[in-house]
Amino acid sequence: MDFSLSEEHVMIQQAARDFAVNECLPGVIERDEHQKFPYDQVMKLADLGFLGMMVPENDGGAGLDMISYVLAMEEISKIDASTSVCMSVNNSLVCYGLEAFGNEEQKKKYLVPLAQGKKDGELYIGAFLLSEPEAGSDATSQRTTAEDKGDHYVINGVKNWITNGNTASVYLVMAQTHPEKGSHGINTFIVEKAWPGVKVGAKENKLGIRGSDTHSISFTDVKVPKENRIGADGFGFKFAMQTLSGGRIGIASQALGLASGAMERAIAYSKERKAFGTEIKNHQIIQFKIADMATRINAARLLCLKAAWQKDNGQDYTESAAMAKVYASETAMWVTTEAVQIHGGYGYVKEYHVERMMRDAKITQIYEGTSEMQRIVISRGILK
Ligand code: CAA
Ligand code: FAD
């Protein structure tokens, strides 16, 4: 067993770190406050090849492995989780879904520009539309319908909470075609935002990841050509679940980055701030908080890397991904809260960053399956 990173992995980690410090850190507080989408940052991610990291080069991607993706996600999330969620959705939900399950025409038409993150010089990213107002954790109970009309489908319904909802050009939409078949009646479609009948709702005003654009999307008699269905008739729910397993490694890495970024700030602050005649790092209770942070972060990182390694090596990673997500997200919530505590009153104001990280951490316990859903996935896997 070898825990060391390869030279290439170290280079990618460094490139992501440099990008985060030089491109994401400036303005991160203002983007959060004004809910400004990190457009320039995402355009630069495209230039770096970080929007289609695991897509093979002949499909427009960077041809890297999942370990590289975990390392890059951690570094960017240390500084800016609104940018990293956009990157995560495009890489591990949209591009992976098309790469693994799309046909050659779909890859040529959609995957290549999505992996490059640009088309005709403009930003070109995707979104993943599973959740609905009444179907979140209970994802099989899709109300959105896709009526089979022979050579095309007609989609009607509403999707909720869609990350990249307004910025994306391409949506992967899950909808029910055969309600009598339950989850086996669901299909996934590639839908272009510009098509008639697609309407983007108002932007959600959120607790955290406020730079990320989250919208509801409605579909009214949207005509979708049959060739835009992904996989065989009824494959849509399995598509969603299998794709989400990889996505959960991305969100676990985002949580890991929030935790490790907050810990770095807490350590630096504890070396500067004096109380009772000494730097607060010299008080044992602060030392033990740092020790617990480092231990939990190390465990979270190992879970993320193990799940990524299993995916890279063709092993089943569904439960490992769920374990990484639930553990890393709970670590992120705990570490960021303790980082605010170590900063005292200064932690409660925006200039010190940790209050934003605490707000951002909360979403990692909710999206791509709540912590409760991850525990269902893990326990079903163990007890089956
Ligand atoms: N791979 C393949 N098939 C799978 C699967 C997987 N990982 N998980 C489930 N399935 C199959 C099941 O085998 C079953 O098929 P059969 O009937 O042939 O056996 C079918 O799918 C239905 O599965 P379940 O009976 O297990 O379904 P359930 O209703 O009990 O729900 C659940 C299971 C794990 C809770 C699931 O619905 C779930 O993951 N919910 C959370 C939804 C979620 O993660 N949403 C995220 C939206 S995207 C997002 O959030 C992006 C973002 O923020 C950035
Ligand atoms: P519910 O499913 O209503 O759950 C409410 C509570 O009940 C939760 O604590 C849940 O864990 C618990 N619960 C439910 N069922 C059970 C059970 N059987 N046992 C125990 N506890 C249970 N979705 C997308 O499709 N695409 C996106 O891009 C996307 N981005 C998002 C971005 C943001 C900022 C947010 C807030 C959400 C996003 N989502 C997205 C939706 C997200 O995946 C859902 O919010 C999440 O899956 C939970 O669904 P829900 O909100 O309907 O909660």
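Whatever order the structure lists ligands and atoms in, that order sets their numbers, starting from 1.
Contact annotation for atom 41 (C) of ligand 2: protein present (non-hydrogen atoms, distance under 4.0 Å). Put simply, atom 2 (O) of ligand 2 has protein non-hydrogen atoms near it, under 4.0 Å away. Within the 4.0 angstrom cut-off, atom 36 (C) of ligand 2 has one or more protein heavy-atom neighbours. For atom 7 (O) of ligand 2, the protein comes within 4.0 Å by no heavy atom at all. When distances from atom 12 (C) of ligand 2 to the protein are checked, no heavy atom turns up under 4.0 Å.
Atom 10 (C) of ligand 2 has T370 OG1, 3.8 Å as its closest protein atom, hydrogens excluded (heavy atom only). Protein heavy atom in closest approach to atom 53 (O) of ligand 2: S137 OG, 4.2 Å. For atom 46 (C) of ligand 2, the nearest protein heavy atom (residue, atom name, distance) is I366 O, 3.6 Å.
Geometrically, K223 does not engage Y153 in a cation-pi contact, judged by NZ or CZ lying under 6.0 Å from the ring centre and within 45° of the ring axis.
Within the 3.5 Å criterion, the main-chain N or O of M333 finds a donor-acceptor partner in the side chain of T336. In this structure, the side chain of S77 engages the main chain of M73 through a donor-acceptor pair within 3.5 Å. Under the 3.5 Å distance criterion, the side-chain polar atoms of Q41 are left unmatched by any main-chain donor or acceptor of L25. Put simply, the side chain of R229 gets close to the backbone of G231: a donor and an acceptor are under 3.5 Å apart. Not one N or O on the side chain of E355 forms a donor-acceptor pair closer than 3.5 Å with the backbone of V340.
For atom 27 (C) of ligand 2, the nearest non-hydrogen atom from the set W161, Y367, Y171 belongs to W161. For the residues S88, A127, G136, the heavy atom positioned nearest atom 47 (O) of ligand 2 is part of G136.
Side-chain contact between K226 and D148: present, with at least one pair of heavy atoms (C-beta onward) separated by less than 4.5 Å. Between V224 and W195, some side-chain heavy-atom pair lies under the 4.5 Å cut-off.
In terms of polar-atom proximity, defined here as any N/O pair under 3.5 Å, T163 does make such a contact with ligand 2. Between S131 and ligand 2, an N or O atom pair is found at a separation short of 3.5 Å. In terms of polar-atom proximity, E372 is counted as a contact of ligand 2, with an N or O under 3.5 Å from an N or O of the ligand. Residue L130 has at least one nitrogen or oxygen atom sitting less than 3.5 Å from a nitrogen or oxygen atom of ligand 2, judged on distance alone. Ligand 2 has no N or O atom lying under 3.5 Å from any N or O atom of K206, backbone or side chain. Checked by distance only, ligand 2 and E132 stay at 3.5 Å or farther apart across all their nitrogen or oxygen atoms.
Listed by first then second residue, pairs satisfying side chain to side chain donor-acceptor pair (under 3.5 Å) with a partner in residues 162-171 read T167-D213, not counting sequence neighbours. Here side chain to side chain donor-acceptor pair (under 3.5 Å) pairs that include residues 172-182, with residues two or more places apart or in two chains, are T177-N187, H178-D233.
Residue contact check: F128 has heavy atoms under 4.0 Å from atoms 24 (C), 25 (O), 26 (N), 27 (C), 28 (O) of ligand 2. Taking a cut-off of under 4.0 Å to the non-hydrogen atoms of M373, the atoms of ligand 2 that pass are 13 (N), 14 (C), 15 (N), 16 (C), 17 (C), 22 (C). Close approach to E368 involves these atoms of ligand 2, each under 4.0 Å from a residue heavy atom: 43 (O).
The aromatic rings of H343 and Y269 sit parallel to each other, their planes meeting at less than 30°, with 60° as the upper class boundary. A parallel orientation is assigned to the rings of F128 and F239, their planes being inclined by less than 30° (bins at 30° and 60°).
For Y39, the OH atom sits in a packed shell: over 12 heavy atoms of surrounding residues, nucleotides or ligands are nearer than 6.0 Å.
In this structure W334 satisfies the side chain to side chain contact (heavy atoms under 4.5 Å, CB included) test together with D292, M293, R296, E338, sequence neighbours excluded.
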Could you tell me, for ligand 1, which of its N or O atoms are under 3.5 Å from any protein N or O, listing the pairs and their distances rounded to 0.1 Å?
unit_1: ligand 1; atom_1: 15 (O); unit_2: K238; atom_2: NZ; d: 3.2
unit_1: ligand 1; atom_1: 17 (O); unit_2: H184; atom_2: NE2; d: 3.0
unit_1: ligand 1; atom_1: 18 (O); unit_2: H184; atom_2: NE2; d: 3.1
unit_1: ligand 1; atom_1: 18 (O); unit_2: K238; atom_2: NZ; d: 3.4
unit_1: ligand 1; atom_1: 26 (O); unit_2: R380; atom_2: NH1; d: 2.7
unit_1: ligand 1; atom_1: 30 (O); unit_2: R380; atom_2: NH1; d: 3.0
unit_1: ligand 1; atom_1: 30 (O); unit_2: R380; atom_2: NH2; d: 3.1
unit_1: ligand 1; atom_1: 37 (O); unit_2: S137; atom_2: O; d: 3.4
unit_1: ligand 1; atom_1: 39 (O); unit_2: R248; atom_2: NH2; d: 3.0
unit_1: ligand 1; atom_1: 40 (N); unit_2: S137; atom_2: O; d: 2.9
unit_1: ligand 1; atom_1: 44 (O); unit_2: R248; atom_2: NH2; d: 2.8
unit_1: ligand 1; atom_1: 44 (O); unit_2: G369; atom_2: N; d: 3.1
unit_1: ligand 1; atom_1: 50 (O); unit_2: E368; atom_2: N; d: 2.8

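When non-hydrogen atoms are compared, ligand 2 lies under 4.0 Å from neither the backbone nor the side chain of N164.
Judged by the shortest distance from any of its heavy atoms, V89 lies outside the 4.0 Å radius around the atoms of ligand 2.
The minimum heavy-atom distance between G165 and K193, with the atom names listed, is O-CD, 4.2 Å. A pairwise comparison of heavy atoms in E132 and R143 identifies OE1-N, 2.6 Å as the closest pair.
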